[in-house]
Amino acid sequence: MEPLSAKLHGHTGPNPFHEAQAKTFGDEKLVREFYPTSAYLSLFNEGHEILLGSRGSGKTAILRMLSYSCLKQISHPAVKDIVNKRSFFGFYVPLHLEFMASLPQDSADGSNSTEYFQFAFNCAAAKSLLNELRAILASEKKTAQERLELEATIVGRLTKLWLSKNDVTLAGLEDLSWEIDCLYYQQAPWKDGHNPEIPQFAKHLFAPLLAALPQLTRDLELDFESVNWIACVDEAEFLKPAYLRCFNSFMRSEKRPIVLKLATLPFRYTTLQTLRPGISVEPNGNDFNFRAIDLAWDSEDFRLLADHIADRRLHRTGTFAGPVTIDAFLGKLGDDDPKDYYRAELGEYGASDEAILTDIVDALSPERQARFEAIKENRDRVTSDYYKKFSPVYYVRRMRLESSKGNRSVGWFAGPSMLRRVADGNPRRLIQVLHDLFEEARASRLTAKRQHKVIADFCDRDYERAAGLPEHGLLLDGILDTVGRLMEERVHGKYMIDGGINFFVQPALLQNEVVRGALELGVAYSFLFIDKKSLLASLSDESEFRVAHLIAVKFWLPMRKGSLLVMQSRHAKERIANQLLSRPPSTARECKTALGTLQLQLFDTSRNDE
């Protein structure tokens, strides 16, 4: 069957995959494209949670879709059930760069401006709550007149409570929101302890909302004991440590009815201390939980999400009538197994088990060939220890060899599974690759060979972004290039080995704050992946890293774990941690010098088995 992408040949309309950031979407578009994954649905709980997710993982979309105004528009049965139970009402509070720029900048950690931060945040949170109250009132099963009267009652109570104005009559929630704007913009920033008349909105985080919610709950005829108001705080990676302590103080002292869901990049929630000296919050369900929200590339959640995004976007072209999945759009060879794409290049005999096993054994070291001879009559051992173990390495070695033959092109990095692999569970990266595939589909048929070229070109281009990332970007780029080339040398060397893309890091390197910062940046931007335990806690000598699949494409690496590798420096441990690198390199020359100083290498702990 011809792939649906063929329908796009000659299409002249706009590329529907042009936009990839949810923060730029209006509510209607966000709702239309959002898919409620099981991870999203599990966020409707009564616990405070810090959501850790890489750039493009969907943090903003998830938090915005927790807000009631968006939630009530979703047609998914599980979501409709949540709405009908009236137990969770979310409100979205973004801490974007513009908000952070408005805060005092006279201390590195914000320790002398927590009062003003709480004031500014509470103003933003109150406005967000008012926006959701409008959505709640609009969905009330009342007459228009009854809704207006209820809104007037609520506005009157909040005006008196928040603004201490008994002689002012506001027409509605929008007018009250304007009054809060005036309160915020007319208040000059101050240092802690330097304002004798601290505004009410500055006393504690969420204090104005906590004071109002009991009566609001009664006015809306909700059950105070079961209702939860979800504060969805986004982009907390921009917060200074003192501001994080404000949130910690809230999580330590307040449990209901506000439930905090705060999103940030991995390793950016830098303190557990509260505003009270010696008092800290405790994770693991005591005061809050850390929650990883990145999806695995091969998870059912990501497959359904990818299909949903592709379907919604492609239907905007007016070209497609029925459902569009990634599989139907790209088409696939056989069962979409790597061997199917290998067979398309080498033919039936070249892809036979017999031919592949013969080539694998021929490529092994003499020592491994001797061990093979000793067990070759044991078919189970041959299959597990040689065919299954080495065929992924063999495929990528052979495909790179084939692609290097003159003008020969191959269709290796192709197919629906490969697209999901390269996206690595990241919705933004998925949309960016689909953008390029869409452009190619306009001009020509998306064969496996053309898909390969589009995906390979994307990986080369996206890889180059690492060097432009803030602070540690140049060093991260250098580390990725070094590790990628070392892995490439191992996989494509004289003898075939148990190659892969996973590695550990020497403890002394992790103790160097600059190297550690570069590795953490790689995780935050999906150039590196680590085990869940390390993601939720911190990097350690037990942290298992994996390079992104786009790096595996760039360096022609098998997308598998492989033998146990350790990235280490040739220098003594003490010198690595304390002397080799004291600050991030700021120029390409400094980075080259730093890498030359570090002298990184990959040590194979299973080398005696080669």
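None of these values were measured; they are calculated from a predicted model.
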Taking the side chain from [X] and the backbone from [Y], do they hold a donor-acceptor pair closer than 3.5 Å?
| X | Y | result |
| --- | --- | --- |
| Arg64 | Cys70 | no |
| Glu132 | Ser69 | yes |
| Asn45 | Gly47 | yes |
| Ser177 | Lys127 | no |
| Lys59 | Leu52 | no |
| Thr37 | Asp301 | no |
| Thr114 | Ala242 | no |
| Asp307 | Ile326 | yes |
| Ser226 | Ser87 | no |
| His472 | Leu521 | no |

At what distance, to the nearest 0.5 angstrom, does [atom1] of [X] lie from [atom2] of [Y]?
| X | Y | atom1 | atom2 | result |
| --- | --- | --- | --- | --- |
| Lys203 | Glu115 | NZ | CD | 11.5 Å |
| Ser540 | Lys533 | OG | NZ | 7.0 Å |
| Asp541 | Gln506 | CG | CD | 10.5 Å |
| Lys261 | Leu51 | NZ | CG | 7.0 Å |
| Asn228 | Arg256 | CG | CZ | 5.0 Å |
| Leu158 | Leu173 | CG | CG | 7.5 Å |

Which heavy atom of [X] sits nearest a heavy atom of [Y], and at what distance?
| X | Y | result |
| --- | --- | --- |
| Asp477 | Tyr463 | O-OH, 3.9 Å |
| Ser249 | Thr274 | OG-CB, 3.3 Å |
| Leu474 | Pro585 | CD1-O, 3.8 Å |
| Ala236 | Leu262 | CB-CD2, 3.2 Å |
| Gly499 | Pro558 | O-CG, 3.6 Å |
| Ala39 | Arg291 | O-NH1, 3.7 Å |

Quiz item: Which one of Phe34, Tyr35, Phe302 satisfies the ring pair (Phe, Tyr, Trp, His ring centres under 6.0 Å) criterion with His308?
Solution: Tyr35
If the threshold is 4.0 Å, N to carboxylate O, is there a salt bridge linking [X] and [Y]?
| X | Y | answer |
| --- | --- | --- |
| Asp223 | Arg86 | no |
| Arg55 | Glu237 | yes |
| Glu513 | Arg516 | no |
| Lys532 | Asp294 | no |

Is any side-chain heavy atom of [X] less than 4.5 Å from a side-chain heavy atom of [Y]?
| X | Y | value |
| --- | --- | --- |
| Phe288 | Pro283 | yes |
| Asn248 | Tyr269 | yes |
| Leu205 | Phe117 | yes |
| Glu300 | Ser38 | no |
| Phe119 | Cys123 | yes |
| Leu66 | Tyr40 | yes |
| Asp462 | Val433 | no |
| Arg268 | Leu239 | no |

Self-check item: Steps toward side chain to side chain contact (heavy atoms under 4.5 Å, CB included) verdict (Phe250, His48)
Solution: CA-CA 10 Å; Phe250 168 76; His48 300 311; 3.6 Å; yes
Quiz prompt | ring pair (Phe, Tyr, Trp, His ring centres under 6.0 Å) partners of Phe504, counting only residues at least two apart | solution =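 By the ring pair (Phe, Tyr, Trp, His ring centres under 6.0 Å) rule, Phe504 matches no residue at all.
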Residues, nucleotides or ligands: over 12 heavy atoms within 6.0 Å of [X] [atom1]:
| X | atom1 | answer |
| --- | --- | --- |
| His194 | NE2 | no |
| Lys80 | NZ | no |
| Arg465 | CZ | yes |
| Lys72 | NZ | yes |

Do the side-chain N and O atoms of [X] and [Y] include a donor-acceptor pair separated by under 3.5 angstrom?
| X | Y | answer |
| --- | --- | --- |
| Arg428 | Ser526 | no |
| Arg218 | Gln215 | yes |
| Asn131 | Arg134 | yes |

Strictly under 6.0 Å, is that where the ring centroids of [X] and [Y] end up?
| X | Y | value |
| --- | --- | --- |
| Phe247 | Phe121 | yes |
| Phe201 | Trp162 | yes |
| Tyr68 | Phe88 | no |

Exercise. Show your reasoning for whether salt bridge (Lys or Arg N to Asp or Glu O under 4.0 Å) applies to Lys554 and Asp481.
Key: CA-CA 10 Å; Lys554 177 176 177 59; Asp481 188 68; over 6 Å; no
Quiz item: Which is it for Leu581 and Val515 under the side chain to side chain contact (heavy atoms under 4.5 Å, CB included) test, yes or no, and what are the steps along the way?
Solution: CA-CA 8 Å; Leu581 208 56; Val515 174; 4.2 Å; yes
Quiz item: Would Ile501 and Ile551 count as a side chain to side chain contact (heavy atoms under 4.5 Å, CB included) if you check the C-alpha gap in whole Å, the side-chain angles of each, and the deciding distance to 0.1 Å?
Solution: CA-CA 9 Å; Ile501 56 177; Ile551 295 174; over 6 Å; no
Self-check item: CA sep, side-chain torsions, deciding dist, call: Leu476, Tyr525, side chain to side chain contact (heavy atoms under 4.5 Å, CB included)
Solution: CA-CA 11 Å; Leu476 169 64; Tyr525 283 81; 5.8 Å; no
